[in-house]
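Everything quoted here is computed from the prediction, not taken from an experiment. Reminder, nothing fancy here: chain letters follow the sequence lines and each chain counts from 1.
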Amino acid sequence: MEKWNLMAVVVLLGLTVRWTVSLNSYSGAGKPPMFGDYEAQRHWQEITFNLPVKQCAKFINPDWIALHSSRGYESQAHKLFMRTTVLIADLLIYIPAVILYCCCLKEISTKKKIANVLCILLYPGLILIDYGHFQYNSVSLGFALWGVLGVSCDWDLLGSLAFCLAINYKQMELYHSLPFFCFLLGKCFKKGLKGEGFVLLIKLSCTVVASFILCWLPFFTEREQTMQVLRRLFPVDRGLFEDKVANIWCSVSIFLKIKDILPRHIQIIISFCFTFLSLLPACIKLTLKPSPRGFRFTLVSCALSFFLFSFQVHEKSILLVSLPVCLVLSEIPFMSTWFLLVSTFSMLPLLLKDELLIPSVVTTMAFFIACATSFSIFEKTSEEELQLKSFSISVRKYLPCFTFLPRIIQYLFLTSVFTMVLLTLITVTLEPPQKLPDLFSVLVCFLSCLNFLFFLVYFNIIIMWDSKNGRNPKKTN
Amino acid sequence: STDFEVHRNWLAITHSLPVSQWYYEATSEWTLDYPPFFAWFEYALSHVAKYFDQEMLNVHNLNYSSSRTLLFQRFSVIFTDVLFVYAIHECCKCIDGKKAGKELTEKPKFILSVLLLWNFGLLIVDHIHFQYNGFLFGLMLLSVARLFQKRHMEGAFLFAVLLHFKHIYLYVAPAYGIYLLRSYCFTANKPDGSVRWNSFSFVRLISLGLIVFLVSALSLGPFLALNQLPQVLSRLFPFKRGLCHAYWAPNFWALYNALDKVLSIIGLKLKLLDPNKIPKASMTSGLVQQFQHTVLPSVTPLATLICTLMAILPSVFCLWFKPQGPRGFLRCLILCALSSFLFGWHVHEKAILLAVLPMSLLSVGKAGDASIFLILSTTGHYSLFPLLFTAPELPIKILLMLLFTIYSISSLKTLFRKEKPLFNWMETFYLFGLGPLEVFCEFVFPFTSWKLKYPFIPLLLTSVYCAVGITYAWFKLYVSVLTDPSVSKTKK
């Protein structure tokens, strides 16, 4: 079948799945007084429309955003409007970035590229959060993806501009900022700090500063306003973690109540240290040896380190890790698919609260089947396929019998999937015991955290032992 | 949609009332109007339903729909679709794949499976609008597959069962009857392909008759014993309902009505007609009632029957005098379905699926059939759009329609790329015209001033435009059947 027709079919499939999920309930539907993210977004529209910095939205029904009186407004027409805005934002920003990214992939056939687009578009986590729970993540992730694209193809200025837009849209993107910084710095160093490199450095810093100033201009009128914005963006007062999240601190606090033992500023310092210690090796390597491949893997490991060790992390932040993992889907299909399944699973308590059980089960199965058939993941579990060859060789210098790594990984995969399915069934069918009402969510988080730690180690191993530096030794067909 | 309430009502009726009351019950306006097997099917379902939500089985709970009810109903459709999947599997075995390339996606079997599984019409009607067509079509396709595989008795049995599930399949009964008579009861042909009268096998005829009789006895027997047969028949064939359904099916009568309306408007303008003599009830207001035409002669049920029979006759004659094995049978079946759709009384636009699904089987065989299939399926599917009219469903129907249309056109084009192009310029133009039509009906029209004065215009335009396409496809198929050389092609 002709390439563009196939691509059109794939995109249409992605859009259909998205809209079908959006027909379900959303976060906080019918649950006053707090409601949920849906109400949060509507409230922000209310604020930005009514207060001084006005937006142009004349043809929208004014009832939806009347100041104060529209708190908790819920109606069919409004729901349709909100859902449509998400779809349009997705269509304009995220989906073109995905298509362009997959078309620029090297060393794979056209059919595989299109299959790649399909799998990325079907990733359940993003669909469920954006169209079910209700957020606009696809905008920030889309901008970040444009940034990655620009920087990998040597359009550094445009890439960094796109990434600044992403950060200014949602401050969570700061998780990705370190790899960007190290990669661009590494490029400057490579070009030589005395000549071209220096020029590039100056150009980049000007771009970044200019874009930040442009976005923040309206709020620079008073120092107090800027401070207030910063305080709202980085709510350090909220504590080490909120609710249940698949993060180290939450898991550790099952056994050791950190929140109660240590004072607030010590908590901040500890999380800061752990985060930076865990991402330092990868970033240093990226600065010394910048390459698009290393860049992608460093994005994964940095975002994962932030997710696991940082302060006040939300479960939805796992999406920031999932995006880079989607990007490496074509290189290590097996591990990426596994990771993406775990990431969707880790959000299970949230999805259940929004009554999105059936959409999540269906989309997860669809995603799994799509990946399994497109990349034939179960056949690609040899050492070389898992990019662990150099690592195994080094270990075999000390332990000659270390040949069973692929088999261990396969067993781990099966165990992980089995426990995920089991836990999902248990959470849905049984009631938790009276004394431990949060038992199931805690179990979900704990399990996901263990998986994520494993992935952190795995991705760091790939980065550190990657001596080929960007060239794929095997021929992918 | 209302069909959801219909099926809930039938679950309630079959569960709570004794058999003798089933066809008399009229608490709700949606009375039981399918044959007995379907009623027994609903009865079986209702036993599962009571684990989901007991309340839906109460006859007086009109318009009851809890989330569990919804869940149960949707799951039941998905579950019964298993039969449909099995039927597709059997049909794919009958397609020969010699023409295929090495790629999986280019094999005719794969294309056929996708065309059937993802058939837009079936998805919309079954899963969104809500009906159980999936497994009924599964039965039909399975019986067709059995006839292809020369297992005639099973095919006949399956069709008899199907008839007693939903009597709309009477439309294609002549094809079955003539084919079985001609190719099964007469066991051999003369060398030139015509009938060899002395090869008639009474045994086969008797066995076929026995099968049909037993199935009918099983289904109608209880009601015959209770002396309710006239009541059952009157429920099954409600002739009081009017020539056209609420939304006009895109058939010949839609064109007839449109012509009538146009002529009456012209007549009024030219003062040829007296405004007082025109009946008040406007057929185009979308209600289901009897109606008199103003200019052209009124149409009675008998007239439609005669037209249908006249339309079916040539293809049936072809089947008798120039039998071409199962393939010829399939063409005759499609022609019967299409002719009945075009000329029948109170046809529902969902009936177009009766022709589109079997046509998919032919489309992966020959380029000519593929082009007819594409025209038929695209216009037929488009004519189903008015069934989903709420705003949230709009993106879904557009996306699914685009998905199916793009896939079917490009996969069939790739399959037949070595032959001449599938469409001539006229057909291409017509198909592209569907886009602007949709934009006008859904996006432009609601904002114009005509919406209040003539609210029926989008429906009228849709019906008439699609009727043109469907009639054209019917005509083309007829021409290809009548002009085919009478070489007997046997399929293994």
Side-chain angles (χ1 to χ4, degrees), chain A residues 1-26 29-30 59 61 75-88 90-91 95 109-112 114-115 118 121 131 355-359 361-362 365-366 373-374 376 428 477, chain B residues 51 66-68 70-75 78 100-108 110-111 114-115 117-118 120 123-124 127-128 364 374 388-417 421-422 435 442-443 446-447:
Chain A
M1 234 169 87
E2 301 159 31
K3 181 173 118 175
W4 288 115
N5 283 329
L6 199 52
M7 184 67 88
V9 168
V10 162
V11 171
L12 284 174
L13 255 174
L15 286 175
T16 314
V17 174
R18 281 163 159 72
W19 188 262
T20 321
V21 171
S22 83
L23 290 176
N24 280 287
S25 119
Y26 47 79
F59 58 89
N61 187 343
S75 83
Q76 270 298 84
H78 188 225
K79 179 178 174 190
L80 190 63
F81 165 68
M82 302 280 267
R83 296 286 191 211
T84 318
T85 51
V86 181
L87 190 72
I88 294 182
D90 213 353
L91 203 51
I95 294 186
S109 70
T110 319
K111 278 242 145 71
K112 277 261 152 64
I114 298 182
L118 179 68
L121 284 183
Y131 290 88
E355 292 161 32
L356 287 171
L357 175 66
I358 294 186
V361 168
V362 172
M365 287 203 300
T373 46
S374 323
S376 34
V428 169
N477 98 325
Chain B
Y51 294 110
S66 69
S67 60
R68 298 199 114 200
L70 212 69
L71 200 66
F72 168 71
Q73 300 269 47
R74 298 261 184 237
F75 264 118
I78 296 177
K102 295 223 188 82
E103 285 264 0
L104 172 66
T105 52
E106 287 191 10
K107 289 209 172 80
F110 179 79
I111 297 181
V114 176
L115 286 179
L117 278 173
W118 280 79
F120 169 79
L123 277 176
I124 295 281
H127 296 276
I128 302 186
V364 292
L374 286 172
L388 300 180
F389 45 82
T390 62
E393 292 161 341
L394 177 66
I396 295 219
K397 70 184 186 196
I398 294 185
L399 286 173
L400 281 177
M401 174 87 185
L402 280 175
L403 205 58
F404 184 79
T405 318
I406 294 182
Y407 179 77
S408 55
I409 293 184
S410 63
S411 60
L412 286 176
K413 261 198 174 151
T414 320
L415 190 60
F416 294 115
R417 59 179 171 273
L422 291 180
E442 298 269 9
F443 298 107
F447 297 109

Self-check item: Euclidean distance, A/T20 OG1 relative to B/I396 CD1, rounded to 0.5 Å
Solution: 4.0 Å
Quiz item: Only one of A/L12, A/V9, A/V11 forms a side chain to side chain contact (heavy atoms under 4.5 Å, CB included) with B/L402, so which one is it?
Solution: A/L12
Exercise. Could you list the residues that satisfy side-chain contact (heavy atoms from CB on, under 4.5 Å) with B/I78, not counting sequence neighbours?
Key: B/H127
Practice problem: Supply the atom-to-atom distance B/S411 OG to A/N5 CG, rounded to the nearest 0.5 angstrom. | Solution: 9.5 Å
Quiz item: Once you round to the nearest 0.5 Å, how far does CD1 of B/I398 lie from CG of A/L15?
Solution: 12.0 Å
Practice problem: Answer with side chain, backbone, both or neither: which region of A/I358 has an atom nearer than 4.5 Å to a non-hydrogen atom of chain B? | Solution: side chain
Quiz item: Can you list the residues that meet the side-chain contact (heavy atoms from CB on, under 4.5 Å) rule with A/T373, with sequence neighbours excluded?
Solution: none
Exercise. Nearest 0.5 Å please: distance from the CG atom of A/L87 over to the CG atom of B/L399.
Key: 7.5 Å
